[in-house]
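Following: one structure in C-alpha coordinates, then a few remarks.
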Amino acid sequence: MPKPALKLAFLFLLLACLFSFNIADTATIVNGTTTTLSRQFKEAPQFYNSPDCPSITNDDLDEDEDDSSSSGNVNIVCSDRAVHVAMTLDTHYIRGSMAAILSVLQHSSCPENIFFHFVASASANTSSLLRVTLFNSFPYLKFKVYIFDDSHVSGLISTSIRSALDCPLNYARSYLARLLPSCVRKVVYLDSDLILVDDIAKLAATPLGASSVLAAPEYCNANFTFYFTPTFWSNPSLSLTFANRKPCYFNTGVMVIDLDRWRDEDYTTRIEEWMELQKRMRIYELGSLPPFLLVFAGNIASVDHKWNQHGLGGDNFRGLCRDLHPGPVSLLHWSGKGKPWARLDANRPCPLDALWAPYDLLQTPFTLDS
(Lines give C-alpha, C1' and ligand atoms only; values in the text may rest on other atoms or scores of the structure.)
Protein backbone atom coordinates (compact mmCIF):
# COMPACT_ATOMS: atom_id res chain seq x y z
CA MET A 1 0.00 0.00 0.00
CA PRO A 2 1.44 3.47 -0.90
CA LYS A 3 2.62 5.52 2.08
CA PRO A 4 -0.05 8.30 1.73
CA ALA A 5 -2.79 5.69 1.63
CA LEU A 6 -1.25 3.91 4.63
CA LYS A 7 -1.14 7.15 6.61
CA LEU A 8 -4.76 7.89 5.73
CA ALA A 9 -5.86 4.42 6.78
CA PHE A 10 -4.01 4.80 10.08
CA LEU A 11 -5.69 8.16 10.69
CA PHE A 12 -9.15 6.69 10.13
CA LEU A 13 -8.29 3.79 12.45
CA LEU A 14 -7.15 6.20 15.15
CA LEU A 15 -10.32 8.26 14.86
CA ALA A 16 -12.42 5.10 15.01
CA CYS A 17 -10.66 4.00 18.18
CA LEU A 18 -11.15 7.40 19.79
CA PHE A 19 -14.79 7.41 18.81
CA SER A 20 -15.47 3.92 20.13
CA PHE A 21 -13.62 4.70 23.36
CA ASN A 22 -15.67 7.75 24.16
CA ILE A 23 -19.07 6.23 23.41
CA ALA A 24 -18.24 2.75 24.68
CA ASP A 25 -21.22 1.30 26.46
CA THR A 26 -21.12 0.90 30.20
CA ALA A 27 -22.14 -2.69 30.86
CA THR A 28 -23.14 -4.87 33.76
CA ILE A 29 -24.29 -8.47 34.03
CA VAL A 30 -27.69 -9.01 35.63
CA ASN A 31 -29.00 -12.57 36.04
CA GLY A 32 -26.61 -13.76 33.36
CA THR A 33 -27.68 -11.04 30.89
CA THR A 34 -25.43 -8.17 29.89
CA THR A 35 -27.23 -4.84 30.17
CA THR A 36 -25.71 -1.77 28.54
CA LEU A 37 -26.07 1.97 28.89
CA SER A 38 -25.52 3.57 25.51
CA ARG A 39 -24.09 6.82 26.88
CA GLN A 40 -21.02 7.48 28.99
CA PHE A 41 -20.59 10.41 31.32
CA LYS A 42 -17.65 12.51 32.45
CA GLU A 43 -16.46 12.58 36.04
CA ALA A 44 -17.81 15.59 37.87
CA PRO A 45 -15.61 17.77 40.05
CA GLN A 46 -15.84 17.27 43.78
CA PHE A 47 -17.29 20.04 45.91
CA TYR A 48 -16.40 20.49 49.57
CA ASN A 49 -18.12 21.69 52.71
CA SER A 50 -17.50 25.14 54.03
CA PRO A 51 -15.96 25.45 57.53
CA ASP A 52 -19.40 26.31 58.94
CA CYS A 53 -21.01 22.99 57.98
CA PRO A 54 -22.00 20.66 60.82
CA SER A 55 -19.82 17.59 61.17
CA ILE A 56 -21.68 14.30 60.88
CA THR A 57 -20.03 11.39 62.65
CA ASN A 58 -20.92 7.98 64.02
CA ASP A 59 -21.89 9.69 67.28
CA ASP A 60 -25.01 11.02 65.55
CA LEU A 61 -26.38 7.54 64.86
CA ASP A 62 -27.41 4.36 66.57
CA GLU A 63 -25.38 1.27 65.72
CA ASP A 64 -28.32 -0.41 63.99
CA GLU A 65 -28.79 2.60 61.70
CA ASP A 66 -25.53 2.03 59.85
CA ASP A 67 -26.17 0.63 56.35
CA SER A 68 -23.28 -0.96 54.49
CA SER A 69 -25.36 -1.20 51.28
CA SER A 70 -25.02 2.56 50.78
CA SER A 71 -22.27 4.22 48.76
CA GLY A 72 -20.07 6.95 50.16
CA ASN A 73 -19.96 7.78 53.85
CA VAL A 74 -22.59 5.56 55.44
CA ASN A 75 -22.56 7.65 58.61
CA ILE A 76 -25.14 10.10 57.32
CA VAL A 77 -27.80 7.69 56.02
CA CYS A 78 -30.01 8.38 59.01
CA SER A 79 -28.64 11.66 60.29
CA ASP A 80 -31.08 14.51 60.80
CA ARG A 81 -28.17 16.86 60.15
CA ALA A 82 -27.94 15.67 56.56
CA VAL A 83 -30.01 16.98 53.68
CA HIS A 84 -31.84 13.95 52.28
CA VAL A 85 -32.70 14.07 48.56
CA ALA A 86 -34.85 11.46 46.79
CA MET A 87 -34.96 10.94 43.02
CA THR A 88 -36.05 8.19 40.67
CA LEU A 89 -33.42 6.76 38.36
CA ASP A 90 -33.69 5.01 35.01
CA THR A 91 -31.71 4.72 31.79
CA HIS A 92 -34.13 6.89 29.81
CA TYR A 93 -33.73 9.96 32.04
CA ILE A 94 -30.21 9.27 33.36
CA ARG A 95 -28.74 12.23 31.47
CA GLY A 96 -31.15 14.59 33.18
CA SER A 97 -30.51 12.95 36.56
CA MET A 98 -26.75 13.41 36.25
CA ALA A 99 -27.20 17.11 35.47
CA ALA A 100 -29.59 17.53 38.40
CA ILE A 101 -27.17 15.87 40.83
CA LEU A 102 -24.30 18.06 39.64
CA SER A 103 -26.38 21.21 40.06
CA VAL A 104 -27.41 20.24 43.59
CA LEU A 105 -23.80 19.61 44.65
CA GLN A 106 -22.35 22.65 42.89
CA HIS A 107 -24.68 25.12 44.58
CA SER A 108 -24.79 23.53 48.01
CA SER A 109 -23.04 25.17 50.94
CA CYS A 110 -22.51 21.72 52.48
CA PRO A 111 -22.34 19.23 49.57
CA GLU A 112 -20.66 16.54 51.65
CA ASN A 113 -23.68 16.57 53.97
CA ILE A 114 -26.15 15.62 51.23
CA PHE A 115 -27.38 12.05 50.99
CA PHE A 116 -29.15 10.89 47.83
CA HIS A 117 -31.84 8.21 47.90
CA PHE A 118 -32.34 6.87 44.37
CA VAL A 119 -35.29 4.67 43.41
CA ALA A 120 -34.89 2.34 40.42
CA SER A 121 -37.34 -0.05 38.80
CA ALA A 122 -37.02 -3.75 39.62
CA SER A 123 -38.38 -4.80 36.24
CA ALA A 124 -35.71 -2.91 34.28
CA ASN A 125 -32.84 -4.94 35.83
CA THR A 126 -30.55 -1.92 35.57
CA SER A 127 -29.98 -0.95 39.20
CA SER A 128 -26.40 -2.29 39.22
CA LEU A 129 -25.62 -0.48 36.00
CA LEU A 130 -27.09 2.78 37.29
CA ARG A 131 -25.08 2.44 40.50
CA VAL A 132 -21.86 2.03 38.50
CA THR A 133 -22.76 4.99 36.29
CA LEU A 134 -23.30 7.19 39.33
CA PHE A 135 -20.09 6.07 41.00
CA ASN A 136 -17.99 6.66 37.87
CA SER A 137 -19.13 10.27 37.57
CA PHE A 138 -19.51 10.99 41.30
CA PRO A 139 -17.02 8.69 43.10
CA TYR A 140 -17.45 10.70 46.30
CA LEU A 141 -21.29 10.76 46.22
CA LYS A 142 -23.16 9.53 49.26
CA PHE A 143 -26.14 7.56 48.03
CA LYS A 144 -28.23 4.42 48.18
CA VAL A 145 -30.27 2.77 45.41
CA TYR A 146 -33.65 1.32 46.35
CA ILE A 147 -35.53 -1.16 44.19
CA PHE A 148 -39.14 -0.32 43.38
CA ASP A 149 -41.43 -3.23 42.54
CA ASP A 150 -43.55 -2.07 39.60
CA SER A 151 -46.29 -4.52 40.59
CA HIS A 152 -47.23 -2.15 43.43
CA VAL A 153 -48.84 0.17 40.90
CA SER A 154 -48.98 -1.61 37.55
CA GLY A 155 -52.57 -2.68 38.15
CA LEU A 156 -53.57 0.79 39.33
CA ILE A 157 -52.23 2.92 36.47
CA SER A 158 -54.72 4.35 33.99
CA THR A 159 -53.59 5.64 30.60
CA SER A 160 -53.05 9.40 30.53
CA ILE A 161 -52.51 12.11 27.93
CA ARG A 162 -48.79 11.27 27.54
CA SER A 163 -47.34 7.75 27.64
CA ALA A 164 -44.28 8.82 29.63
CA LEU A 165 -46.60 9.69 32.52
CA ASP A 166 -47.78 6.07 32.69
CA CYS A 167 -44.39 4.62 33.64
CA PRO A 168 -44.69 2.80 37.00
CA LEU A 169 -41.53 4.50 38.26
CA ASN A 170 -43.35 7.83 37.88
CA TYR A 171 -45.50 6.70 40.81
CA ALA A 172 -42.59 5.73 43.09
CA ARG A 173 -42.75 9.11 44.86
CA SER A 174 -45.94 7.86 46.54
CA TYR A 175 -43.95 5.01 48.13
CA LEU A 176 -40.93 6.87 49.50
CA ALA A 177 -42.12 6.50 53.08
CA ARG A 178 -42.09 2.72 52.63
CA LEU A 179 -38.91 2.47 50.56
CA LEU A 180 -36.60 4.68 52.59
CA PRO A 181 -35.35 3.62 56.05
CA SER A 182 -37.69 4.58 58.87
CA CYS A 183 -34.89 6.67 60.37
CA VAL A 184 -35.14 9.08 57.42
CA ARG A 185 -37.71 11.56 58.68
CA LYS A 186 -37.68 14.28 56.04
CA VAL A 187 -36.72 14.29 52.37
CA VAL A 188 -36.63 16.64 49.39
CA TYR A 189 -38.06 14.92 46.33
CA LEU A 190 -36.77 16.10 42.95
CA ASP A 191 -37.64 15.14 39.38
CA SER A 192 -34.84 14.33 36.92
CA ASP A 193 -35.56 17.15 34.46
CA LEU A 194 -34.44 20.08 36.58
CA ILE A 195 -31.40 21.96 37.85
CA LEU A 196 -30.83 23.96 41.03
CA VAL A 197 -29.01 27.27 41.08
CA ASP A 198 -29.37 27.78 44.84
CA ASP A 199 -28.53 25.92 48.04
CA ILE A 200 -30.85 22.94 48.49
CA ALA A 201 -30.44 23.22 52.26
CA LYS A 202 -32.66 26.32 52.11
CA LEU A 203 -35.42 24.30 50.45
CA ALA A 204 -34.99 21.40 52.86
CA ALA A 205 -35.38 23.80 55.80
CA THR A 206 -38.91 24.78 54.72
CA PRO A 207 -41.12 24.74 57.83
CA LEU A 208 -44.04 22.35 57.51
CA GLY A 209 -46.02 23.78 60.40
CA ALA A 210 -47.95 21.77 62.93
CA SER A 211 -49.66 19.35 60.58
CA SER A 212 -48.62 19.62 56.92
CA VAL A 213 -47.15 16.48 55.39
CA LEU A 214 -45.49 18.17 52.44
CA ALA A 215 -44.44 21.56 51.16
CA ALA A 216 -44.33 22.78 47.56
CA PRO A 217 -44.86 25.97 45.57
CA GLU A 218 -48.59 26.52 45.02
CA TYR A 219 -50.16 28.07 41.92
CA CYS A 220 -53.61 29.27 42.90
CA ASN A 221 -54.18 31.14 39.64
CA ALA A 222 -54.22 27.86 37.70
CA ASN A 223 -57.60 26.45 36.68
CA PHE A 224 -57.90 23.70 39.30
CA THR A 225 -61.00 22.16 37.68
CA PHE A 226 -58.88 21.32 34.63
CA TYR A 227 -57.14 18.48 36.46
CA PHE A 228 -60.34 16.43 36.92
CA THR A 229 -63.01 15.18 34.56
CA PRO A 230 -66.68 16.27 34.42
CA THR A 231 -67.47 12.88 35.94
CA PHE A 232 -65.62 13.95 39.07
CA TRP A 233 -67.15 17.42 39.37
CA SER A 234 -70.69 16.24 38.63
CA ASN A 235 -70.61 13.69 41.44
CA PRO A 236 -71.31 15.47 44.77
CA SER A 237 -69.74 12.71 46.84
CA LEU A 238 -66.49 13.23 44.94
CA SER A 239 -66.40 16.99 44.47
CA LEU A 240 -67.05 17.42 48.20
CA THR A 241 -63.53 16.07 48.66
CA PHE A 242 -62.38 19.68 48.52
CA ALA A 243 -65.00 21.04 50.91
CA ASN A 244 -63.51 23.30 53.58
CA ARG A 245 -60.26 23.36 51.62
CA LYS A 246 -58.79 25.99 49.31
CA PRO A 247 -57.15 23.69 46.82
CA CYS A 248 -54.42 25.02 44.54
CA TYR A 249 -52.36 23.29 41.90
CA PHE A 250 -48.85 22.25 42.90
CA ASN A 251 -46.20 20.43 40.88
CA THR A 252 -45.11 17.10 42.41
CA GLY A 253 -41.64 17.29 40.84
CA VAL A 254 -40.35 19.39 43.76
CA MET A 255 -41.61 18.56 47.24
CA VAL A 256 -40.39 18.62 50.82
CA ILE A 257 -41.95 15.62 52.57
CA ASP A 258 -42.29 14.81 56.27
CA LEU A 259 -41.94 11.04 56.05
CA ASP A 260 -42.84 10.49 59.71
CA ARG A 261 -46.22 12.18 59.27
CA TRP A 262 -46.73 10.36 55.96
CA ARG A 263 -46.11 7.01 57.64
CA ASP A 264 -48.32 7.81 60.64
CA GLU A 265 -51.32 8.58 58.41
CA ASP A 266 -50.47 6.01 55.69
CA TYR A 267 -50.90 8.45 52.83
CA THR A 268 -49.67 5.84 50.35
CA THR A 269 -52.87 3.87 50.92
CA ARG A 270 -54.97 7.02 50.50
CA ILE A 271 -53.35 7.71 47.13
CA GLU A 272 -53.87 4.10 46.06
CA GLU A 273 -57.57 4.33 46.91
CA TRP A 274 -58.00 7.25 44.51
CA MET A 275 -56.10 5.34 41.82
CA GLU A 276 -58.43 2.38 42.29
CA LEU A 277 -61.44 4.66 41.87
CA GLN A 278 -59.86 6.15 38.74
CA LYS A 279 -59.73 2.68 37.19
CA ARG A 280 -63.48 2.38 37.66
CA MET A 281 -64.72 5.91 36.90
CA ARG A 282 -62.05 7.94 35.03
CA ILE A 283 -62.01 11.00 37.28
CA TYR A 284 -58.76 12.55 35.96
CA GLU A 285 -56.43 12.49 32.94
CA LEU A 286 -52.92 13.42 34.05
CA GLY A 287 -50.88 10.53 35.47
CA SER A 288 -49.63 10.59 39.07
CA LEU A 289 -50.41 14.26 39.83
CA PRO A 290 -54.19 14.20 40.47
CA PRO A 291 -54.07 11.68 43.35
CA PHE A 292 -51.62 14.01 45.12
CA LEU A 293 -53.97 16.93 44.53
CA LEU A 294 -56.93 14.93 45.84
CA VAL A 295 -55.11 14.03 49.05
CA PHE A 296 -53.04 17.13 49.74
CA ALA A 297 -54.25 20.21 47.79
CA GLY A 298 -55.25 22.94 50.22
CA ASN A 299 -53.34 21.32 53.08
CA ILE A 300 -49.70 21.86 52.14
CA ALA A 301 -47.05 24.26 53.41
CA SER A 302 -46.23 26.99 50.94
CA VAL A 303 -42.84 27.35 49.24
CA ASP A 304 -41.63 30.37 47.28
CA HIS A 305 -42.24 30.01 43.54
CA LYS A 306 -38.53 30.48 42.84
CA TRP A 307 -38.04 26.86 43.96
CA ASN A 308 -39.97 25.49 41.00
CA GLN A 309 -39.82 27.49 37.80
CA HIS A 310 -41.71 24.67 36.12
CA GLY A 311 -43.21 24.12 32.70
CA LEU A 312 -39.99 24.83 30.78
CA GLY A 313 -40.55 21.65 28.78
CA GLY A 314 -43.73 23.15 27.34
CA ASP A 315 -47.11 21.45 27.27
CA ASN A 316 -47.69 17.69 27.28
CA PHE A 317 -48.58 17.59 23.58
CA ARG A 318 -46.03 19.65 21.62
CA GLY A 319 -43.39 20.70 24.15
CA LEU A 320 -43.14 24.27 22.86
CA CYS A 321 -40.61 26.75 24.24
CA ARG A 322 -41.61 28.76 27.29
CA ASP A 323 -40.18 31.68 29.22
CA LEU A 324 -39.45 31.90 32.92
CA HIS A 325 -42.14 33.09 35.27
CA PRO A 326 -41.54 36.58 36.69
CA GLY A 327 -39.39 36.76 39.79
CA PRO A 328 -36.22 35.19 41.20
CA VAL A 329 -35.05 31.70 40.26
CA SER A 330 -33.61 28.97 42.49
CA LEU A 331 -34.71 25.92 40.50
CA LEU A 332 -35.47 25.46 36.80
CA HIS A 333 -37.76 22.58 35.90
CA TRP A 334 -38.29 21.27 32.35
CA SER A 335 -41.62 19.64 33.16
CA GLY A 336 -43.71 18.94 30.08
CA LYS A 337 -42.93 17.04 26.91
CA GLY A 338 -39.78 18.87 25.78
CA LYS A 339 -36.53 17.92 27.54
CA PRO A 340 -33.42 20.10 27.13
CA TRP A 341 -31.05 17.24 26.26
CA ALA A 342 -33.36 15.99 23.50
CA ARG A 343 -33.79 19.46 22.01
CA LEU A 344 -30.04 20.12 22.17
CA ASP A 345 -29.28 16.80 20.45
CA ALA A 346 -31.82 17.60 17.75
CA ASN A 347 -30.19 21.02 17.26
CA ARG A 348 -33.54 22.64 18.04
CA PRO A 349 -32.95 24.05 21.53
CA CYS A 350 -35.18 26.53 23.25
CA PRO A 351 -33.43 29.65 24.61
CA LEU A 352 -33.63 28.46 28.23
CA ASP A 353 -32.02 25.11 27.36
CA ALA A 354 -28.72 27.00 27.38
CA LEU A 355 -29.09 27.24 31.17
CA TRP A 356 -29.22 23.44 31.44
CA ALA A 357 -26.33 22.71 29.07
CA PRO A 358 -23.44 23.61 31.48
CA TYR A 359 -24.56 20.81 33.81
CA ASP A 360 -24.64 18.16 31.07
CA LEU A 361 -22.07 15.46 31.88
CA LEU A 362 -22.52 13.51 28.67
CA GLN A 363 -19.20 12.41 27.21
CA THR A 364 -19.36 13.56 23.59
CA PRO A 365 -17.83 11.28 20.93
CA PHE A 366 -14.83 13.46 20.09
CA THR A 367 -14.04 14.80 23.56
CA LEU A 368 -10.42 14.19 24.57
CA ASP A 369 -9.66 14.42 28.28
CA SER A 370 -6.52 16.32 29.11
Derivation of the side chain to side chain contact (heavy atoms under 4.5 Å, CB included) call for Lys337 and Asp315: CA-CA 6 Å; Lys337 185 177 182 180; Asp315 57 76; 5.7 Å; no
Would you check, one step at a time, whether the test side chain to side chain contact (heavy atoms under 4.5 Å, CB included) holds for Val188 with Trp307? CA-CA 12 Å; Val188 178; Trp307 286 106; over 6 Å; no
Show the numbers, then the answer: is there a side chain to side chain donor-acceptor pair (under 3.5 Å) between Thr225 and Asn223? CA-CA 6 Å; Thr225 60; Asn223 184 356; 2.5 Å; yes
Please report the C-alpha distance between Arg178 and Asp266 in whole Å, then the side-chain angles of each, then the deciding distance to 0.1 Å, and finally whether the salt bridge (charged side-chain N to carboxylate O under 4.0 Å, His left out) criterion is met. CA-CA 10 Å; Arg178 296 180 182 178; Asp266 192 12; 3.3 Å; yes
Please evaluate residues Arg173 and Met255 with respect to the criterion side chain to side chain contact (heavy atoms under 4.5 Å, CB included), reporting the C-alpha separation (whole Å), side-chain torsions for both, the decisive distance (0.1 Å), and the verdict. CA-CA 10 Å; Arg173 70 196 80 189; Met255 298 184 290; 4.2 Å; yes
Take Lys306 and Val329 through the side chain to side chain contact (heavy atoms under 4.5 Å, CB included) test and state the conclusion after the steps. CA-CA 5 Å; Lys306 69 179 183 178; Val329 180; 5.6 Å; no
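Remark: of the listed residues Tyr249, Tyr284, Phe250, Tyr249 is the sole one forming a ring-ring contact (aromatic ring centres under 6.0 Å, His included) with Tyr227. Between Val254 and the choices Leu196, Val303, Asp191, Leu203, the side-chain contact (heavy atoms from CB on, under 4.5 Å) rule is met once, by Leu203. Under the side-chain contact (heavy atoms from CB on, under 4.5 Å) test applied with Phe118, the options Leu130, Thr88, Leu134 reduce to a single match, Leu134. When Phe115, Phe116, Phe143 are each tested for a side-chain contact (heavy atoms from CB on, under 4.5 Å) with Val85, only one passes: Phe116.
Counting heavy atoms from C-beta on, the side chains of Leu190 and Val104 come closer than 4.5 Å. In this structure, Met98 and Phe138 have side chains that are in contact, with non-hydrogen atoms separated by less than 4.5 Å. Taking 4.5 Å as the limit, every side-chain heavy atom of Leu332 sits out of range of all side-chain heavy atoms of Asn308. Side-chain contact check for Val119 versus Leu169: some heavy-atom pair is nearer than 4.5 Å. Counting heavy atoms from C-beta outward, Ile114 and Ile200 have side chains that approach closer than 4.5 Å. For the pair Pro290/Phe228, a side-chain contact is recorded, criterion being any heavy-atom separation below 4.5 Å from C-beta on. The shortest side-chain heavy-atom distance between Asn113 and Asn49 falls under the 4.5 Å cut-off. For the pair Met281 and Asn235, the minimum side-chain heavy-atom distance is below 4.5 Å.
No side-chain donor-acceptor contact under 3.5 Å links Trp356 to the backbone of Trp341. Although no hydrogens or angles enter the test, the distance criterion places no donor-acceptor pair under 3.5 Å between the side chain of Arg282 and the main chain of Lys279. No donor-acceptor pair closer than 3.5 Å links the side chain of Thr231 to the backbone N or O of Ile283. Distance alone, capped at 3.5 Å, places no donor-acceptor pair between the Ser212 side chain and the Leu214 backbone. Of the possible donor and acceptor atoms, none in the side chain of Glu43 sits under 3.5 Å from a partner among the backbone N and O of Ser137. Between the side chain of His305 and the backbone N or O of Glu218, at least one donor-acceptor pair lies under 3.5 Å. A distance-only check finds no donor-acceptor pair linking the side chain of Arg245 to the backbone of Gly298 [under 3.5 Å]. In terms of modelled atom types and a separation under 3.5 Å, the side chain of Lys186 and the main chain of Ala204 share a donor-acceptor contact. Checked by atom type and distance alone, the side chain of Gln309 pairs as donor or acceptor with a backbone atom of His325 at under 3.5 Å. Judged by distance alone, with hydrogens and angles left aside, the side-chain atoms of His107 form no donor-acceptor pair with the main-chain N or O of Leu102 at under 3.5 Å.
In terms of heavy atoms, His310 sits closest to Ser335 at CB-OG, 3.6 Å. For Cys321 against Pro351, the heavy-atom pair with the smallest separation is SG-CD, 4.2 Å. Smallest separation of non-hydrogen atoms from Ser234 and Pro236: O-CD, 3.3 Å. What you find for Lys42 and Leu362 is that their closest heavy atoms are CE-O, 3.7 Å. Of all the heavy atoms in Phe242 and Pro247, the pair that sits closest is CD2-CB, 3.7 Å. Between Val184 and Val77 the shortest heavy-atom distance is CG2-O, 3.6 Å.
Asp264 has no carboxylate O lying under 4.0 Å from a charged side-chain N of Arg261, or vice versa, which leaves the two without a salt bridge. Taking 4.0 Å as the cut-off between side-chain N and carboxylate O, Arg95 and Asp193 do not count as a salt-bridged pair. In this structure, Lys339 does not pair ionically with Asp345, as no charged nitrogen and carboxylate oxygen lie closer than 4.0 Å. A salt bridge links Arg185 and Asp80; the closest N-O separation between the charged side-chain nitrogens and carboxylate oxygens is under 4.0 Å.
The distance from atom OG of Ser330 to atom CG of Asp304, rounded to the nearest 0.5 Å, is 7.0 Å. Going from atom SG of Cys110 over to atom CD1 of Ile56 covers 8.5 Å, rounded to the nearest 0.5 Å. Distance check, rounded to the nearest 0.5 Å: CG of Asp149 to OG of Ser123 gives 8.5 Å. Rounding to the nearest 0.5 Å gives a distance of 8.0 Å between CG of Leu293 and OG1 of Thr252. To the nearest 0.5 Å, atoms CG (Leu156) and CD1 (Ile271) are separated by 11.5 Å. To the nearest 0.5 Å, atom CG of residue Asp258 and atom OG1 of residue Thr206 are 12.0 Å apart.
Linking Ile, Leu, Val, Met, Phe, Trp and Tyr whenever their side-chain heavy atoms come within less than 4.5 Å leaves Val295 and Leu208 in two separate clusters. Phe226 and Leu289 fall within the same hydrophobic cluster, where Ile, Leu, Val, Met, Phe, Trp and Tyr residues are linked whenever their side-chain heavy atoms come under 4.5 Å apart, directly or through other members. No chain of hydrophobic side-chain contacts below 4.5 Å, direct or via other Ile, Leu, Val, Met, Phe, Trp or Tyr residues, connects Leu320 to Trp334.
Judged as a salt bridge (Lys or Arg N to Asp or Glu O under 4.0 Å), and not counting sequence neighbours, Asp150 has no contacts.
In this structure, Arg270 satisfies the cation-pi test against Tyr267, with its NZ or CZ atom closer than 6.0 Å to the six-membered ring centre and inside 45 degrees of the ring normal.
The distance between the ring centers of His152 and Tyr175 falls below 6.0 angstrom. The distance between the ring centers of Trp274 and Phe292 does not fall below 6.0 angstrom.
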